[in-house]
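In what follows, a single structure is set out as structure tokens and then discussed.
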Amino acid sequence: MAKRQSLKELQERLAQRLTAAKTEAVTATWLAVEAGDRRYLLPLVQSGEIFPWSALQRVPYTKPWYAGVASLRGGLHGVIDLARLVGPAASALPPQAGERVTSESRLVSLHTALGINAVIWIDRLLGLRNPSMFTALGVNPEGAPSYFTRSLVDAQGQSWQELDLQMLVAEPEFLAIAA
């Protein structure tokens with residue numbers, strides 16, 4: 001009888017967790033990522049597929065944030081180092097892209113509707129987030145680029161920067177990768 005009772009409790013807990021997971025996935029707005037030492041929110045509607053780290057082919061005479069080109073699913077994608085592109089201490093990062101790669105490094109593709117064959121290199125995925133997980137609006141950094149839409153603060157007091165990927169790919173600086 002005890003086994004039957006515990007099995008029933010297990011099934012009930014699983015059903016509750018599945019319901020919660022479905023609700024969370026439906027209401028999720030952002031993909032939470034970490035690049036360098038900062039946390040960013042990438043809109044799910046502007047993000048594409050998430051790839052494990054892939055070997056890069058370096059491209060000479062490009063800006064420091066352009067890490068190179070990767071072959072993903074048979075297509076060539078430009079790899080943008082998010083930490084170097086928007087991070088405040090980009091000069092403190094190691095000079096070679098491979099020096100910062102860990103087992104948690106990922107490549108997040110831009111949605112095909114944005115019309116750019118590129119992926120964003122992040123250091124770590126932090127999951128999905130929705131607006132109810134944030135308690136306050138923060139202040140955007142002084143002189144922040146136009147694609148920094150807003151800064152949010154979560155219940156733990158951690159600051160997150162929301163990025164508008166559509167505005168990012170429209171930036172003339174982003175489109176001009178030559179050094």
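Scope of the values below: all heavy atoms of this structure, side chains included, with no hydrogens, waters or symmetry mates.
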[atom1] of [X] to [atom2] of [Y]: how many Å apart, nearest 0.5 Å?
| X | Y | atom1 | atom2 | result |
| --- | --- | --- | --- | --- |
| E162 | R129 | CD | CZ | 13.5 Å |
| S47 | L114 | OG | CG | 8.5 Å |
| W121 | I80 | CH2 | CD1 | 11.5 Å |

Check [X] against [Y] and note the closest heavy-atom contact, atom names and distance.
| X | Y | answer |
| --- | --- | --- |
| N140 | Q161 | OD1-NE2, 3.1 Å |
| A83 | G36 | CB-N, 3.5 Å |
| Y66 | G78 | OH-CA, 3.3 Å |

Side-chain touch [X]/[Y], heavy atoms, less than 4.5 angstrom:
| X | Y | result |
| --- | --- | --- |
| L41 | T29 | no |
| W30 | P131 | yes |
| L31 | L125 | yes |
| R106 | I122 | yes |
| L137 | R150 | yes |
| L107 | W53 | yes |
| L56 | V69 | no |
| R73 | E49 | yes |

Could you point out which residue of L152, V33, L126 forms a side-chain contact (heavy atoms from CB on, under 4.5 Å) with R39?
L126
Are [Y] and [X] co-members of a hydrophobic cluster defined by side-chain heavy atoms under 4.5 Å apart?
| X | Y | value |
| --- | --- | --- |
| I120 | V45 | no |
| Y61 | V59 | no |
| L175 | L168 | yes |
| L42 | V153 | no |

Could you check whether the rings of W65 and F174 sit parallel, tilted or perpendicular, using 30° and 60° as the cut-offs?
parallel
Determine the interplanar angle of the F51 and H77 rings, folded into 0 to 90°, and report it as parallel if under 30°, tilted if 30 to 60°, perpendicular if over 60°.
tilted
Between N117 (side chain) and G75 (backbone), is there a donor-acceptor pair under 3.5 Å?
no
Quick one: does K63's side chain have a donor or acceptor within less than 3.5 Å of a partner on L85's backbone?
no
Does the pair L72 and S109 meet the rule for a side chain to side chain contact (heavy atoms under 4.5 Å, CB included), with working shown?
CA-CA 10 Å; L72 304 168; S109 67; over 6 Å; no
Under the side chain to side chain contact (heavy atoms under 4.5 Å, CB included) rule, what do L163 and F148 come out as? Steps first, then yes or no, please.
CA-CA 5 Å; L163 302 180; F148 274 33; 3.5 Å; yes
